[in-house]
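Written out below as structure tokens is the structure these notes cover.
Since we're looking at a predicted model, the values are computed, not measured. Lettering of chains follows the sequences in order, A, B, ..., and the numbering in each one begins at 1.
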Amino acid sequence: MPELPEVETIARSLRRTAVGLRVEAVRLLWPKLLRGPAAGLRRLRGRRIVGVGRRGKMLLVSFEGDAHLLFHLKMTGRFHWMDRGAPVDRHTRLRIAFRDRARELRFSDVRKFAVLRLLDTPHPLESPALAGLGPEPLATPAPDLARRLVRRNGRLKSLLLNQAFLAGVGNIYADESLFAAGLHPLRAASSLSDDEALRLARAVQKILAAAVAAGGSTIRDYRDAEGMDGLFQRDHKVYGRRSEPCRVCGRPVERRVIGGRSSFFCPICQPLRPSGAAGRGHGRTSGSASLRGNGVRRRRSN
DNA sequence: GCCACTGTTAGCAT
DNA sequence: CATGCTAACAGTGG
């Protein structure tokens with residue numbers, strides 16, 4: 001389900017509604033949700049929620065005393081505010097009740113892919129659970145992202161989905177970004193001209209920012225913690241539009257499986273081989289430095 | 001009933 | 001480093 005814009009929207013929703021509340025009880029209904037001993041959750045009793053954050057597609061709920069719940073929602077993870085006495089849906093995996101509150105926060109997950117970790121550190125963002133993630137697309141200058149792109153060999157589609165390469169982009173926003181950049185999902189990243197790489201970096205940022213502003217995309221299940229639908233699905237140009245006319249050129253949108261994921265693109269607007277004068281070869285933009293070469297050698301992390 | 005499909009990703013083989 | 005396959009699980013739709 002949720003990619004960066006959806007998780008960001010949920011984080012904002014929880015920030016509005018949950019920060020400041022003091023925990024009365026945490027009940028884990030599906031023990032496998034939590035990586036680590038369930039007993040640890042008892043420590044949260046009596047503590048207030050002091051903040052809600054996001055890193056990539058991970059949601060971080062922070063409590064007093066250096067305790068944090070780190071959620072990965074995977075496909076179908078959702079939060080709901082419910083009356084404490086309301087019937088518990090069969091997909092509810094976790095309940096958090098608060099002092100002096102009639103409503104409790106429930107986490108549900110139909111497919112049981114979601115993962116929860118309890119962190120006890122003053123610096124959760126440096127925890128090993130987040131260590132492998134690539135940069136935050138909206139907090140990294142586009143030229144830096146472009147430089148990373150051009151150093152890789154894989155297909156654009158797979159690279160954008162690779163969380164170690166870039167954190168937070170999933171199937172919807174990868175396809176929408178590639179369309180916005182006019183680049184074919186099968187293009188090798190290393191074949192991009194400097195202009196193309198920069199175009200893609202900016203397209204990713206533009207699409208993600210617009211999606212956050214629209215509250216994410218509601219295709220099926222997704223809602224924020226307050227039950228609100230996202231609206232960005234209305235702006236999808238290619239995702240889920242197989243055989244429908246491209247909104248720019250009118251030709252049918254194509255669907256193909258790439259790297260095991262269904263991929264939607266317009267074969268005219270996103271040609272595999274660049275045509276026309278723009279974007280051919282490895283030419284550098286006049287007056288600006290190349291994204292390639294004369295770079296500092298990367299040292300391998302130990 | 002069967003089959004294909006789904007917004008994710010870890011693990012393993014090649 | 002890249003790619004392909006499987007599995008984790010449940011529901012929906014043809």
Side-chain angles (χ1 to χ4, degrees), chain A residues 1-11 29-35 54-59 70-79 89-93 107-117 128-134 148-178 185-191 207-208 211-212 214-224 229-243 255-264 297-301:
Chain A
M1 167 180 66
E3 309 180 26
L4 183 153
E6 289 76 29
V7 179
E8 178 63 28
T9 302
I10 292 168
L29 280 55
W30 176 253
K32 285 178 71 180
L33 168 66
L34 181 69
R35 300 303 151 91
R54 179 194 59 74
R55 175 81 170 92
K57 301 175 187 174
M58 317 265 272
L59 183 83
L70 181 67
F71 290 87
H72 196 309
L73 279 40
K74 295 289 180 95
M75 302 283 277
T76 52
R78 282 189 58 180
F79 290 92
D89 169 278
R90 55 192 294 260
H91 300 121
T92 300
R93 312 299 178 199
F107 178 73
S108 77
D109 177 34
V110 170
R111 291 181 70 178
K112 296 179 174 169
F113 288 174
V115 171
L116 175 63
R117 286 189 170 78
L130 295 169
L133 290 178
R148 285 175 70 79
L149 269 170
V150 131
R151 286 201 303 245
R152 293 296 213 102
N153 265 318
R155 302 154 165 174
L156 293 180
K157 176 62 188 279
S158 304
L159 257 190
L160 292 180
L161 292 181
N162 181 344
Q163 301 300 297
F165 175 75
L166 186 65
V169 175
N171 211 26
I172 293 176
Y173 300 107
D175 283 1
E176 294 299 321
S177 299
L178 287 167
L186 287 176
R187 275 288 293 279
S190 55
S191 82
I207 292 289
L208 291 177
V212 169
S217 301
T218 294
I219 304 290
R220 194 178 261 122
D221 307 313
Y222 166 73
R223 306 252 144 47
D224 75 11
D229 283 19
L231 297 175
F232 195 70
Q233 65 282 3
R234 296 178 188 173
D235 293 317
H236 291 177
K237 302 284 195 291
V238 287
Y239 183 81
R241 299 191 65 246
R242 162 157 57 172
S243 303
R255 175 197 182 265
R256 215 189 290 186
V257 175
I258 299 173
R261 310 297 305 281
S262 78
S263 302
F264 301 88
R297 266 285 158 243
R298 275 268 166 259
R299 192 165 40 95
R300 263 197 304 156
S301 57

What is the distance, rounded to the nearest whole Å, between atom [atom1] of [X] and atom [atom2] of [N]?
X      : N     : atom1 : atom2 : value
A/L208 : B/dG7 : CG    : C1'   : 14 Å
A/L160 : B/dG7 : CG    : P     : 15 Å
A/E3   : B/dT8 : CD    : P     : 5 Å
A/F264 : B/dT6 : CZ    : C1'   : 10 Å
A/I219 : B/dT8 : CD1   : C1'   : 15 Å

Please confirm whether the shortest side-chain N or O distance from [X] to OP1 or OP2 of [N] is below 4.0 Å.
X      : N     : answer
A/K57  : B/dG7 : no
A/N171 : B/dG7 : yes
A/Q163 : B/dT8 : no
A/H72  : B/dT9 : yes
A/S217 : B/dG7 : no

Which nucleotides of DNA chain C pair, in dot-bracket form (Watson-Crick or G-U under 3.5 Å, | meaning another strand):
.|||||||.|||||

Are any of the side-chain heavy atoms of A/L159 and A/L166 separated by less than 4.5 Å?
no

Within the 4.5 Å heavy-atom criterion, are A/D235 and A/I207 side-chain neighbours or not?
no

Roughly how many Å apart are C/dC1 and B/dT8, using the P atom of each and rounding to a whole number?
23 Å

What interatomic distance, in whole Å, is found between P of B/dC5 and the corresponding atom of C/dC5?
14 Å

Give one of base, sugar-phosphate or nothing for A/G260, where a contact means two heavy atoms less than 4.0 Å apart.
nothing

Salt bridge present between A/K237 and A/D175 (N-O < 4.0 angstrom):
no

Looking at A/D229 and A/R223, is there a salt bridge between them, counting it only when a charged N and a carboxylate O are closer than 4.0 Å?
yes

Taking the six-membered ring of A/F264 as reference, does the cationic atom of A/R241 (NZ for Lys, CZ for Arg) lie under 6.0 Å from its centre and within 45° of its axis?
no

Measuring from the side chain of A/R261 (C-beta onward, heavy atoms only), which nucleotide among B/dG7, B/dT6, C/dT3 has the closest atom?
B/dG7

Which of C/dT3, B/dG7, B/dT9 is nearest the side chain of A/S158? It is C/dT3

What nitrogen or oxygen pairs link the protein and nucleotides 8-10 of chain C at under 3.5 Å?
unit_1, atom_1, unit_2, atom_2, d
C/dC9, O4', A/R111, O, 3.3
C/dC9, O2, A/R111, NE, 2.7
C/dC9, N3, A/R111, NH2, 3.1
C/dA10, OP1, A/K112, NZ, 2.6

Hey, is the main chain of A/R242 close enough, under 3.5 Å, to the side chain of A/R255 for a donor-acceptor pair?
no

N/O donor-acceptor pair under 3.5 Å between A/T76 side chain and A/K74 backbone:
no

If you look at every heavy atom in A/E6 and A/Y173, which pair is closest and at what distance?
OE2-OH, 2.6 Å

Side chains of A/E3 and A/Y222: donor-acceptor distance under 3.5 Å anywhere?
no

